[in-house]
Visitor: 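Sharing a structure here in structure tokens format.
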2 protein chains.
Amino acid sequence: MLNGVSDLLEPDADALALTSVLQALADDQRLTIVRELAAQGEAACGAIDLDVSKATRSHHFKVLRESGLTHTRVEGTHRWVSLRRDDLDSRFPGLLDALLAAQPAR
Amino acid sequence: MLNGVSDLLEPDADALALTSVLQALADDQRLTIVRELAAQGEAACGAIDLDVSKATRSHHFKVLRESGLTHTRVEGTHRWVSLRRDDLDSRFPGLLDALLAAQPAR
DNA sequence: GCAGCAGTTCGACCGCGATCGAACACGTAT
DNA sequence: ATACGTGTTCGATCGCGGTCGAACTGCTGC
């Protein structure tokens with residue numbers, strides 16, 4: 001790696017596809033991750049406890065990143081993940097807020 | 001059929017599951033249907049043109065209905081389908097508006 | 001009755017995605 | 001150098017969902 005800082009490939013805000021975003025969100029594990037990120041701001045992949053293997057966890061983070069939902073910052077041995085709130089709010093105003101406000105079914 | 005009027009089984013507003021709703025929305029064909037219903041108010045299944053077979057079309061309407069996104073009213077040989085706007089707005093405030101306002105990717 | 005139209009259901013096909021263990025890559029601490 | 005911790009990648013399995021044609025149901029019109 002030439003530069004010390006390294007971010008992973010993520011789609012431009014303009015290019016975010018609604019279907020891909022919805023697809024990424026339509027999974028309980030990933031919805032958990034998104035909620036946790038919304039609450040914690042930025043978190044290491046492993047810091048969010050899911051009841052799946054490392055490989056599966058990594059897969060879910062990849063789906064979130066490639067759909068444009070999250071930003072990933074590489075630092076040492078950790079990957080710091082955060083929600084792309086600004087990009088999402090500008091591209092799909094109100095969507096994220098609506099999701100995070102959703103109450104569990106009664 | 002005993003009574004003339006007949007509606008199909010649909011989940012209660014309280015019971016709508018976010019994941020199921022998102023899953024139902026995470027498909028281009030179904031997103032097209034939802035947008036069309038939002039624009040037209042109520043439409044017959046066949047009145048929305050999709051580039052799929054009758055069977056597939058029927059499948060998509062079923063997914064939308066069972067996730068709680070649409071209401072279906074049976075009248076003669078037609079099925080009139082409409083968005084459950086009120087239920088969705090009360091269960092997931094802002095979600096539908098955000099979806100319908102979404103612009104295509106640039 | 002019979003034909004035709006609207007829509008569903010059935011069975012099958014097929015690809016995609018969620019999942020896992022194992023191997024790997026990379027950074028860090030000893 | 002060795003070992004460990006964090007996370008990714010690979011290959012495989014497996015179930016689910018989108019798709020179709022064909023058969024079916026139910027209503028309407030002739």
Side-chain angles (χ1 to χ4, degrees), chain A residues 1-10 17 19-34 36-37 40 42-67 69-82, chain B residues 1-10 17 19-34 36-37 40 42-67 69-82:
Chain A
M1 199 90 37
L2 293 179
N3 53 346
V5 188
S6 111
D7 293 353
L8 298 184
L9 285 190
E10 290 154 10
T19 308
S20 308
V21 169
L22 291 175
Q23 187 117 25
L25 291 166
D27 179 283
D28 282 321
Q29 310 280 354
R30 292 195 291 265
L31 216 41
T32 299
I33 296 176
V34 168
E36 208 61 27
L37 290 179
Q40 302 187 6
E42 193 180 36
C45 297
I48 298 178
D49 66 324
L50 303 172
D51 213 24
V52 294
S53 72
K54 278 195 310 176
T56 303
R57 174 194 309 269
S58 194
H59 162 71
H60 285 313
F61 277 102
K62 184 179 184 184
V63 171
L64 289 173
R65 172 166 32 86
E66 292 185 345
S67 75
L69 275 164
T70 60
H71 169 68
T72 304
R73 186 168 58 87
V74 178
E75 185 185 296
T77 116
H78 291 267
R79 250 89 166 158
W80 293 94
V81 183
S82 56
Chain B
M1 195 87 44
L2 293 181
N3 54 344
V5 188
S6 109
D7 293 354
L8 299 184
L9 286 190
E10 289 153 11
T19 309
S20 308
V21 169
L22 291 175
Q23 187 119 24
L25 290 167
D27 178 283
D28 282 322
Q29 310 280 354
R30 291 195 290 265
L31 216 41
T32 299
I33 296 176
V34 168
E36 207 63 26
L37 290 178
Q40 302 188 6
E42 193 180 37
C45 298
I48 298 179
D49 67 324
L50 304 172
D51 214 24
V52 294
S53 71
K54 279 195 308 176
T56 303
R57 173 194 310 268
S58 193
H59 163 70
H60 285 314
F61 276 102
K62 184 179 183 182
V63 172
L64 289 173
R65 173 166 31 87
E66 292 185 343
S67 75
L69 275 164
T70 60
H71 169 68
T72 304
R73 185 168 60 85
V74 178
E75 183 186 295
T77 118
H78 292 268
R79 249 89 164 160
W80 294 94
V81 183
S82 55

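A note on names: the letters A, B, ... follow the listed sequences, proteins ahead of strands, and every chain is numbered from 1.
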Visitor: Nearest 0.5 angstrom please: B:R57 CZ to B:L50 CG, how far?
Guide: 5.0 Å
Visitor: Hunt down any stem DNA chain D takes part in, defined as 3 or more consecutive Watson-Crick or G-U pairs whose two distances are each under 3.5 Å.
Guide: C:1-30 with D:1-30
Visitor: Could you state the CD1-P distance from A:I33 to C:dA18, rounded to the nearest angstrom?
Guide: 11 Å
Visitor: Roughly how many Å is it from CG in B:L50 to C1' in D:dT19, rounded to a whole number?
Guide: 13 Å
Visitor: Nearest nucleotide by nearest heavy atom, which residue falls closer to the 5' end of DNA chain C, A:G76 or A:V63?
Guide: A:V63
Visitor: About how many Å separate CG of B:L64 and CD of B:Q29, when rounded to the nearest 0.5 Å?
Guide: 11.0 Å
Visitor: Between B:Q23 and D:dC16, is there a side-chain N or O to OP1/OP2 distance below 4.0 Å?
Guide: no
Visitor: Among B:E10, B:R65, B:E42, exactly one meets side-chain hydrogen bond (donor to acceptor under 3.5 Å, both in side chains) together with B:H71. Which residue is that?
Guide: B:E10
Visitor: Using only side-chain N and O atoms of A:H60, determine if any of them is under 4.0 Å from OP1 or OP2 of C:dG17.
Guide: no
Visitor: Taking CG from B:L64 and P from D:dG17, how many angstroms apart are they, rounded to a whole number?
Guide: 14 Å
Visitor: Is there side-chain contact between A:I48 and A:L37, with heavy atoms separated by less than 4.5 Å?
Guide: yes
Visitor: Under the side chain to side chain contact (heavy atoms under 4.5 Å, CB included) criterion, do A:F61 and A:I33 qualify, and how do the steps go?
Guide: CA-CA 8 Å; A:F61 277 102; A:I33 296 176; 3.7 Å; yes
Visitor: Can you give one letter per nucleotide of nucleotides 3-11 of chain C, 5' to 3': B if a protein heavy atom sits under 4.0 Å from the base, S if only from the sugar-phosphate, - if neither?
Guide: ---SBBB--
Visitor: In whole angstrom, what separates B:D27's CG from C:dC16's P?
Guide: 14 Å
